[in-house]
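Let me begin by presenting the structure, written as structure tokens, before commenting on it.
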Amino acid sequence: MNRSVLFVCLGNICRSPTAHGVFEQLLRDAGQSNSIKVDSCGTGDWHLDHAPDRRAQLTAKQHGFNLSHLRSRLICQDDFRDFDYILAMDNNNLRDILALCPDQYKNKCQLFLNFAKELGFQEVPDPYYGGDDGFEDILTMIKVASQNLLQEILVNI
Ligand code: 4NP
């Protein structure tokens with residue numbers, strides 16, 4: 001693997017698995033599955049080993065992305081060494097991972113939407129307690145940021 005990407009949110013059942021499934025599909029479409037590793041995790045432990053939220057799965061499926069094989073896990077210390085891009089969905093997630101991250105790896109951690117400045121949002125908002133619209137909105141944001149991220153990685157490989 002030439003590069004590696006880790007998506008991080010709070011529960012690892014809505015936003016980061018959506019990003020994981022979308023990015024995985026983009027890698028397949030681009031023939032890059034063997035050169036770029038992708039994973040996702042959460043900072044909170046309420047949903048360990050759970051499949052993604054059914055609303056996240058349904059919305060993703062309607063747009064051609066499969067999330068059913070994913071299972072929630074917590075971020076761990078090895079992740080900071082093992083991944084090149086550690087991408088937080090919101091500022092709380094970023095603060096939480098920076099608090100765990102060894103100084104030498106802190107520059108790997110940033111907001112995912114840094115890759116989608118054109119959207120005009122800093123954060124992918126937590127859709128968990130909202131309606132189904134929230135899941136459509138985050139999917140749109142995640143698709144744009146994922147496409148841009150893949151382009152950036154491919155020009156730097
Ligand atoms: P996520 O959404 O961080 O995008 O996976 C959430 C999922 C679960 C909870 C919060 C956010 N929760 O409080 O259980």
Side-chain angles (χ1 to χ4, degrees), residues 4-28 36-102 105-150 152-153:
S4 52
V5 176
L6 180 65
F7 296 109
V8 188
C9 65
L10 179 58
N12 193 211
I13 56 165
C14 297
R15 293 166 292 175
S16 61
T18 298
H20 186 161
V22 167
F23 199 69
E24 204 167 55
Q25 183 61 45
L26 295 186
L27 290 178
R28 271 196 294 272
I36 303 172
K37 172 170 124 177
V38 57
D39 199 359
S40 64
C41 64
T43 60
D45 63 2
W46 305 283
H47 302 280
L48 296 185
D49 215 31
H50 288 192
D53 184 285
R54 60 177 175 72
R55 298 165 294 173
Q57 289 205 50
L58 184 62
T59 308
K61 195 171 174 186
Q62 286 165 347
H63 290 265
F65 303 105
N66 176 28
L67 311 183
S68 64
H69 55 298
L70 304 177
R71 294 294 177 270
S72 172
R73 72 169 179 88
L74 265 181
I75 194 160
C76 66
Q77 281 296 314
D78 288 352
D79 290 329
F80 296 113
R81 179 197 63 207
D82 293 345
F83 287 88
D84 301 314
Y85 292 84
I86 302 174
L87 302 174
M89 295 294 146
D90 64 31
N91 280 306
N92 285 339
N93 309 146
L94 182 61
R95 181 201 61 208
D96 291 345
I97 61 178
L98 285 173
L100 299 170
C101 185
Y105 300 131
K106 278 190 171 35
N107 64 349
K108 297 179 174 188
C109 302
Q110 60 175 313
L111 289 171
F112 182 33
L113 291 193
N114 281 345
F115 292 92
K117 292 266 179 7
E118 66 268 42
L119 292 175
F121 298 107
Q122 265 203 339
E123 304 183 303
V124 181
D126 185 345
Y128 188 66
Y129 293 107
D132 290 349
D133 283 2
F135 286 86
E136 282 288 334
D137 293 344
I138 67 159
L139 186 71
T140 304
M141 298 166 125
I142 285 168
K143 267 175 69 175
V144 173
S146 295
Q147 283 159 346
N148 292 347
L149 171 65
L150 179 56
E152 151 136 356
I153 293 175

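Indexing begins at 1, ligand by ligand and atom by atom, following the structure's order.
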| task | Classify the side-chain pair Asp90/Asn93 by whether it contains a donor and acceptor separated by less than 3.5 Å. | result | yes
| With a 3.5 Å cut-off and no angle check, do the side chains of Gln25 and His63 form a donor-acceptor pair? | no
| Residue pair Asp126 / Arg15, side-chain heavy-atom distance below 4.5 Å | yes
| Can you check side chain to side chain contact (heavy atoms under 4.5 Å, CB included) on Gln110 and Leu87, steps first, answer last? | CA-CA 5 Å; Gln110 60 175 313; Leu87 302 174; 3.5 Å; yes
List ligand 1's nitrogen or oxygen atoms that come under 3.5 Å of a protein nitrogen or oxygen, with the partner atom and distance.
{"residue": "ligand 1", "atom": "2 (O)", "partner": "Asp126", "partner atom": "OD1", "Å": "3.4"}
{"residue": "ligand 1", "atom": "3 (O)", "partner": "Leu10", "partner atom": "N", "Å": "2.9"}
{"residue": "ligand 1", "atom": "3 (O)", "partner": "Gly11", "partner atom": "N", "Å": "2.8"}
{"residue": "ligand 1", "atom": "3 (O)", "partner": "Arg15", "partner atom": "NH2", "Å": "2.9"}
{"residue": "ligand 1", "atom": "4 (O)", "partner": "Arg15", "partner atom": "N", "Å": "2.9"}
{"residue": "ligand 1", "atom": "4 (O)", "partner": "Arg15", "partner atom": "NE", "Å": "2.7"}
{"residue": "ligand 1", "atom": "5 (O)", "partner": "Gly11", "partner atom": "N", "Å": "3.4"}
{"residue": "ligand 1", "atom": "5 (O)", "partner": "Asn12", "partner atom": "N", "Å": "3.2"}
{"residue": "ligand 1", "atom": "5 (O)", "partner": "Ile13", "partner atom": "N", "Å": "3.0"}
{"residue": "ligand 1", "atom": "5 (O)", "partner": "Cys14", "partner atom": "N", "Å": "2.9"}
{"residue": "ligand 1", "atom": "13 (O)", "partner": "Tyr129", "partner atom": "OH", "Å": "3.4"}
{"residue": "ligand 1", "atom": "14 (O)", "partner": "His47", "partner atom": "NE2", "Å": "2.8"}

| request: Starting from the C-alpha separation in whole Å, work towards a yes-or-no answer on side chain to side chain contact (heavy atoms under 4.5 Å, CB included) for Phe7 and Met89. | output: CA-CA 8 Å; Phe7 296 109; Met89 295 294 146; 3.9 Å; yes
| Verdict with reasoning, Asp79 to Arg73, per side chain to side chain contact (heavy atoms under 4.5 Å, CB included) | CA-CA 12 Å; Asp79 290 329; Arg73 72 169 179 88; 2.9 Å; yes
